2 protein chains.
Amino acid sequence: MNPELFSTKQRILDAAEALFASHGFAAASLRQVTSNAQVNLAAVNYHFGSKENLINEVLRLRLDKLNADRTQALQAALAKSPAQLEDVLGAWIRPALAASASERGSTAFVRILARTYAEQNERLRAFLHDNYGHVLRDFAAALGTLLPHMDKQELYWRMDIITGALTFAMADFGTIKRRGASAEQHLALTADHLIRFAAAGLRAE
Amino acid sequence: MNPELFSTKQRILDAAEALFASHGFAAASLRQVTSNAQVNLAAVNYHFGSKENLINEVLRLRLDKLNADRTQALQAALAKSPAQLEDVLGAWIRPALAASASERGSTAFVRILARTYAEQNERLRAFLHDNYGHVLRDFAAALGTLLPHMDKQELYWRMDIITGALTFAMADFGTIKRRGASAEQHLALTADHLIRFAAAGLRAE
DNA sequence: CTAGAATTCAAACGAACGTTTGACGATCGG
DNA sequence: CCGATCGTCAAACGTTCGTTTGAATTCTAG
């Protein structure tokens, strides 16, 4: 019942997030996690029940915040009249980038997301769909309003493209590294580029 | 020394490709592979030496063909005067989609690619870079010629976006499924959409 | 201060992993 | 026909995995 920053539970979560990101869910062992977290091996099963539950907790904590941020940003974007395509795209993209650059875990979360999408794990996919599908639908509705002539199927398809580009391009394996710029500048620049690219792609044809 | 279609070696490669795609490199065990291939467990180490070598072989066989196809398509695109941005993008995108829809392995290869990008495995990354980096550079050079005003760093960045979108969108987890259309029609349509989206994104600003 | 709950710990569990072994046929050049 | 190479096979190797156990320790409420 202790929400301390350095509690056993929190240390496990931090170490697990980093290791899941860099080695994958299957390859990251609980022995590595507990060793990095400097806690006993049994602590994972005591606090989380199982490795799978730990994976879900790691995802849930980050995704809850990401989706809340996205929903809030979407509402802010739609409050403007007239709402611009770039604003809605920014509400989708910027919170994800911000999550990837947050203080704890650094870029770990985005790499975890990329892995999660690549995983064929049906339980994980169902978990994501059940808990966060509504956010995707909200954005689809907003974009549909701004692009009234676009076929609905095509819109979903292009959102897939954008999501893929966002996820993969951020997941650390890009060939471009920032030089000179601070992390914040790099983040803002990256968001601008992605939004411009995505907006042009959405408006195509 | 037997290049039969249903040799032990080939059956292992087919089963491994399917299992690597659906479960990942780490989670797919050699016991699963050999069981699905209906060969003895020891056959993997006899024919491939180790699991890691098997992984590399699975990747190498597919990538050799993909990169040869891409290189050839790029030359064909550049032979036209004036070469169009869409042609070069098509030379990048269409062979990848074709590989994903080839007779054997169906979509397995693309999912493997998505996993490979998401994997943090440095050996794998080095393997890919050493063997296939020159193709990426050829395309960057071709695109750079067609977009003379674009910053080189920005070009690499946008190629990352496109690669991410291509890999991700093809890896089976999209929300859009074709209906009615044949596989070939779906393939052609998908390629057209991706190329149009990517071209618009590249030309942005 | 103390009983009881919560947490940590070292140790062990059975299962699954990649790999190795050595014996047993199959195949083939001389 | 035969010796040699190649391929297959069941079995076992040592290691690592996630999980469980039960005792030791720490925390907390009365």
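This structure is a prediction, so every number in the text was calculated from the model and none was measured. Reminder, nothing fancy here: chain letters follow the sequence lines and each chain counts from 1.
- One can place CZ of R31(B) at 13 Å from P of dT20(C), the figure rounded to the nearest angstrom.
- To the nearest angstrom, P of dT8(D) lies 14 Å from CD of Q38(B).
- If you measure from atom CZ of F48(A) to atom C1' of dA6(C), you get 16 Å, rounded to the nearest angstrom.
- Toward the 5′ end of DNA chain D lies the nearest nucleotide of A43(B), the other residue of the pair V44(A) and A43(B) mapping further downstream.
- The CG atom of D14(A) sits 11.0 Å away from the CG atom of L19(A) when rounded to the nearest 0.5 Å.
- The separation between N40(B) atom CG and dC9(D) atom C1' is 5 Å, rounded to whole Å.
- Smallest separation of non-hydrogen atoms from A27(B) and A26(A): CB-CB, 4.2 Å.
- S29(A) has no side-chain polar atom (N or O) that falls below the 4.0 Å cut-off from OP1 or OP2 of dT16(D).
- Residue N45(A) has no polar side-chain atom (N or O) positioned under 4.0 Å from OP1 or OP2 of dG18(D).
- Closest contact between the side chain of L41(B) and the listed nucleotides dT8(C), dC17(C), dT19(C) involves dT19(C).
- Taking 4.0 Å as the cut-off between side-chain N and carboxylate O, D151(A) and R158(A) do not count as a salt-bridged pair.
- Look at NZ on K51(A): it is 8 Å from C1' on dC17(D), rounded to the nearest Å.
- For dT7(C), the OP1/OP2 oxygens have no side-chain nitrogen or oxygen of T8(A) closer than 4.0 Å.
- A salt bridge does not link R196(B) to E86(B): none of the charged nitrogens lies less than 4.0 Å from a carboxylate oxygen.
- Taking atom OH on Y46(A) and atom P on dC27(D), their separation rounds to 13 Å, with Å as the unit.
- The aromatic rings of F197(A) and F197(B) sit tilted, their planes meeting at an angle between 30° and 60°.
- In this structure, NE2 of H47(A) is placed 12 Å from C1' of dC9(C), rounded to the nearest angstrom.
- Looking at heavy-atom distances under 4.0 Å, A28(B) makes contact with sugar-phosphate atoms alone, never a base.
- Distance, L30(A) CG to dT19(D) C1': 9 Å, rounded to whole Å.
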